[in-house]
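Only heavy atoms go into these numbers, but all of them, side chains included; no hydrogens, no water, no symmetry mates. Note that the numbering runs from 1 along the sequence shown for the chain.
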Amino acid sequence: MTEEHMTTDTTTPDSLGPLELAVPELSLVCLIGASGSGKSTFARTHFGRYEVLSSDVCRGLVSDDEHDQAATPAAFEVLSFIAGKRLDAGRLTVIDATNVQPDARRQLVRLARDHDVLPVAVVLDLPERVCLDRTATRADRNVGDAVVRRQRDQLRRSIRQLGREGFRTVHVLRTEQDVARAVVVRQRLLTDFRDQHGPFDVIGDVHGCRPELEALLDRLGYQLVRDAAGRTVDAVPPAGRSAVFLGDLVDRGPDSPGVLRLVMGMVAAGHARCVPGNHEQKLVRALEGKQVQVSHGLETTLAQLAAEPPEFRDAVLRFCRDLVSHLVLDDGNLVVAHAGLKQEYQGRASARVRSFALYGDTTGETDEFGLPVRYPWARDYRGPAMVLYGHTPTPEPEWVNNTLCLDTGCVFGGRLTALRYPERELVSVPATRVHYEPARPFPVTAELEAGSAARQRDPDDLAIIDVLGRRTVETTLAGRVTVREEQAAGALEVMSRWAIDPRWLLHLPPTMAPTATGDPDSPELEHPASAFEFYRRSGVRQVVGQEKHMGSRAVVLVCRDAERAAARFGVTDGASGAVHTRTGRTFFDAVTTEHLLTAVRAAVTDAGLWAEFDTDWVLLDAELLPWSAKAEDLLRQQYAAVGAAARAVLPPAVAAVQAAADRGLDVGDLLARTRERAADAEAFTAAYRRYVWPTSGLQGVQLAPFQLLATEGRRWTDHDHDWHLGLADRLVRAAPELFRSTRRIAVDTGDPDSVAAGTRWWRALTDVGGEGMVVKPLANLVRGERGLVQPGIKVRGREYLRLIYGPDYTRPEHLDRLRRRELGRKRSLALREYALGVESLDRVVRREPLWRIHEAVFAVLALESDPVDPRL
């Protein structure tokens, strides 16, 4: 039974046990019943508060009166709009209205079809006397007996028509006892196999080529099972794996019954799953005795099946008829459908979805061979799921926007191909011969198949449509992250004018939230106790305080050599990696960058990381020092200029005011303020000078790595910070002149002595001019009761903060104002950017198309344009 052909279920049970009402997890549930039948009570009992949309409430929204029948048309417009938005978001929706009139139901069935979900009817056909007695006792509504009788009459005349109206499941409750015993059971859609994680071997169109299928299964490591007659009836997969067939098992080839016998046996044994192809669809119609055109190989299959026993033909009919349109696997990361499936159809159920899965999309034209011209839907695909499909024979599988066609024309003399998932490894066997001469010459060219070779988008091509306008990026850690249109515009300006080659730009680090302000009586604006307390309240006991280097955040991508860099990342200009800022700009020119990468590569080699991680590239999160290496213009134009001006003006001012005081003028307060300003200016100058030292080229430049972000096939945020810093220490030992160690301290947030030790450690850093520290959960990526926990909180020292808030920020009046600073938006921004950063790393290690990686990278840059105080 396919998901588009569910049976009508009219319930009149006699048992006294629970009465189960099956409802698909994603569906439009329509309650149907006369006034007084208990629809609203039933809805409140069995569905969530926001799942139920009431026509009465919508009438109130548009007219201030839930009983104003004149407002009904406007109310249903509102109801339909909200229902549509919920269904778009994949949320079950319940309509609480009488729905006894066919026109009202037709609108709801149409709404379900428009959103490709199943319409379900729950009918409360209670006795007339029950409805009349209930309405008579309702003080909030005056519904006459004639109205109730008319509604019940309309309902009774409609019940037998509900299936024909389009409702795929109908539950009828006829007594108060039925209602009391009812239990709504939410069922997965027949396409939903998200709990199946593989690994899978996804096999393209077989078309009756049994010998090639057996050879392919053998290459994939499956053990063929034969019956007493020597026919293959099963194939046992390697441990943990299973096969997925993309349909078109039959027609054109030499042994469609043999292919069916093998695949049906594998499915029955739990060794495989299968979706239908258009050829199975046509075969079902033929076996059911319906009028079909016997062509394109169907004549061959019917002749072959005629030689089989009737019970085998019946089993074939049941098997092919019950195949569901597509499968959603591995938490939604993999979708398989015979002809592919657009994102908006995945996990949906309707005739439109089934048709697309079977036949794809066509332009309405035919080519010179009389065959339909397929619309290249994969070119426009932007979904997060990998889509594997067949249907359209192609000489070579080619990734297009995380989709892959696995029909390589075996029956036409090509190959039978499988993809190992998640390894993304292609395995194929050649056809033994040309079994069927195609109408269109094979192999076809890209121009014949898609209209133009230039129109086929390379997975590594970037397009402006990927980032323009309002965008939503799906992340594993934080769900959907929205980028507003104005944010995207600002990021596009930065990315297009200053960013490095996008093939190197795999990750942008997130912003970091500061700690909450300290004790009002404390001279410090920021204090470690606040950060430790934040994590304690978040349920994180073990944290690590890391020295905060005063430099520039740097992402370092280094490959073993330029040849491997070109093979992996497609950059063929001789570069072997990149060193870029947190806004995607290169730190140095190409020659200097290559010199730095050479030194980093030597340290990675000496530390043995290439072999240890079985990788040809390493991505590091680090700080590049000194600050002046990148921020020299900022220092000269902003900090040095302010310091110089203050030192030039304030000492003479102090001398002048002192002279006035010496002459007996009452300028004591002015003198004190001027001396204080002069002292603040000296402290300000001393603060920035600590982070400046001379450099020449790379001489004097250092890197302080603190996290290994990724290597080939692996993201490393699941390892704790001790592991990461230990790895950094190995690089320091390998090249102490290049790499700088990051000092740290472990703190137990629930132990006052440990917290005091962490505070003393921070104070020792900042008292000698250090910037401060970053407090992080020791375990690294941590989820709490309220979701993702802040990955790090910075606690900056009193003197360093002069650079952020100005030389005189330490005055009480300024500190009082700064302690009221709002941190909520900054913290939210830090979490969203962190989730996007991890998402980009996940997509890199999964070798997803470049546009998918940049979707997350670009979003980080776009969020940076949020109107958040940059000093936080």
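Side chain of Ser256 to backbone of Asp251: a donor-acceptor contact under 3.5 angstrom is found. Of the possible donor and acceptor atoms, one in the side chain of Asp248 sits under 3.5 Å from a partner among the backbone N and O of His279. Side-chain atoms of Arg241 never come within 3.5 Å of backbone atoms of Pro199 as a donor-acceptor pair (strictly under, hydrogens ignored). Between the side chain of Asp65 and the backbone N or O of His67, at least one donor-acceptor pair lies under 3.5 Å. Without hydrogens or angle criteria, Arg86 side chain to Tyr50 main chain gives a donor-acceptor distance under 3.5 Å. Checked by atom type and distance alone, the side chain of Asp322 never pairs as donor or acceptor with a backbone atom of Val324 at under 3.5 Å. Side chain of Asp68 to main chain of Ala70: a donor-acceptor pair is present (N/O by atom type, distance under 3.5 Å, no hydrogens or angles). Put simply, the side chain of Lys85 never gets that close to the backbone of Ser80: no donor and acceptor are under 3.5 Å apart. At least one donor-acceptor pair closer than 3.5 Å links the side chain of Glu51 to the backbone N or O of Gly48. Panel note: side chain Lys39, backbone Ala34; a donor-acceptor pair is recorded below 3.5 Å.
Under the 4.5 Å side-chain criterion, counting only non-hydrogen atoms from C-beta, Tyr222 is not in contact with His271. Looking only at side-chain heavy atoms (C-beta outward), Met386 and Leu388 come within less than 4.5 Å of each other.
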**Prompt:** So Ser37 and Arg152, side-chain contact (heavy atoms from CB on, under 4.5 Å) or not? Walk me through it.
**Reply:** CA-CA 10 Å; Ser37 60; Arg152 288 203 75 257; over 6 Å; no
**Asked** Yes or no on side chain to side chain donor-acceptor pair (under 3.5 Å) for His391 and Asp407, after CA distance, side-chain angles and deciding distance?
**Response** CA-CA 6 Å; His391 188 54; Asp407 181 1; over 6 Å; no
**Asked** Could you go step by step and tell me if His338 and Tyr359 meet the side-chain contact (heavy atoms from CB on, under 4.5 Å) rule?
**Response** CA-CA 8 Å; His338 174 64; Tyr359 305 104; over 6 Å; no
**Request:** Give the C-alpha distance, both sets of side-chain angles, the deciding distance and a yes or no for side chain to side chain donor-acceptor pair (under 3.5 Å) between Ser40 and Arg44.
**Result:** CA-CA 6 Å; Ser40 297; Arg44 286 195 300 270; 5.0 Å; no
**Message:** Is there a side-chain contact (heavy atoms from CB on, under 4.5 Å) between Arg273 and Leu327? Walk through the geometry before answering.
**Reply:** CA-CA 9 Å; Arg273 298 193 183 278; Leu327 304 178; 3.8 Å; yes
**Request:** Show your reasoning for whether side-chain contact (heavy atoms from CB on, under 4.5 Å) applies to Leu249 and Glu280.
**Result:** CA-CA 7 Å; Leu249 305 172; Glu280 281 78 43; 3.5 Å; yes
**Request:** Please step through salt bridge (Lys or Arg N to Asp or Glu O under 4.0 Å) for the pair Glu128 and Arg149, ending with a clear verdict.
**Result:** CA-CA 7 Å; Glu128 181 178 285; Arg149 291 191 176 96; 3.3 Å; yes
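Residue Arg186 places its CZ atom among more than 12 non-hydrogen atoms of other residues, nucleotides or ligands, all under 6.0 Å distant. Enclosure of atom CZ in Arg49 is not indicated, since only 12 or fewer non-hydrogen atoms of other residues, nucleotides or ligands lie within 6.0 angstrom.
Ala337 and His326 get closest at one heavy-atom pair: CB-CB, 3.7 Å. Heavy atoms only, all atoms of each residue included: Leu26 and Gly347 are closest at CD2-O, 4.1 Å. Of all non-hydrogen atoms in Gly166 and Val109, the two that sit nearest each other are CA-CG1, 4.2 Å. Gly390 and Asp205 make their closest contact through CA-OD1, 3.4 Å (heavy atoms, listed as atom of the first residue, atom of the second, distance).
Applying the side-chain contact (heavy atoms from CB on, under 4.5 Å) test to Asp314 and every residue at least two apart in sequence or in another chain returns Arg318. Contacts of Thr72 classified as side-chain contact (heavy atoms from CB on, under 4.5 Å), with partners at least two apart in sequence or in another chain: Arg59, Gln69, Phe76.
Between Ser35 and Gln151, the side chains place a donor N or O and an acceptor N or O closer than 3.5 Å (distance only, hydrogens not considered). For the residue pair His197/Asp330, the side-chain donor-acceptor check at 3.5 Å is satisfied. One side chain, Arg164 or Gln161, offers a donor N or O that lies under 3.5 Å from an acceptor on the other. A side-chain N or O of Ser828 and one of Arg832 form a donor-acceptor pair less than 3.5 Å apart.
Below 30°, between 30° and 60°, or above 60°: for Tyr381 and Trp377 the angle between ring planes is above 60°, a perpendicular geometry.
A salt bridge between Arg181 and Asp178 is present, with a side-chain N of the basic residue lying under 4.0 Å from a carboxylate O of the acidic one. Between Arg157 and Asp153 there is a salt bridge, since at least one side-chain N of the basic residue sits less than 4.0 Å from a carboxylate O of the acidic one. Looking at Asp227 and Arg261, no side-chain N of the basic residue comes within less than 4.0 Å of a carboxylate O on the acidic one, giving no salt bridge. A salt bridge is defined here as a Lys NZ or Arg NE, NH1 or NH2 lying under 4.0 Å from an Asp or Glu carboxylate O, and Arg129 with Glu176 fails to meet this definition. Look at Glu288 and Arg321 and you find a salt bridge, because one of the NZ, NE, NH1 or NH2 atoms lies within 4.0 Å of a carboxylate O, short of that distance. Salt-bridge annotation for Asp125 and Arg174: present, with a side-chain N of the basic residue lying under 4.0 Å from a carboxylate O of the acidic one. Looking at Arg313 and Glu308, no side-chain N of the basic residue comes within less than 4.0 Å of a carboxylate O on the acidic one, giving no salt bridge. Checked for salt-bridge contact, Asp114 and Arg110 miss the test: no charged N lies under 4.0 Å from a carboxylate O. Salt bridge annotation for Arg91-Glu25: absent, with no cationic side-chain nitrogen under 4.0 angstrom from a carboxylate oxygen.
Each of Gln343, Gln346, Glu839 was compared with Pro384 under the side-chain contact (heavy atoms from CB on, under 4.5 Å) criterion, and only Gln343 meets it.
Cation-pi geometry between Lys342 and Tyr345 is met: under 6.0 angstrom from the ring centre, within 45 degrees of the axis.
Taking CG of Leu287 as the reference point, atom OG1 of Thr301 lies at 9.5 Å (rounded to 0.5 Å). Rounding to the nearest 0.5 Å places CZ of Arg348 at 10.5 Å from CG of Leu118.
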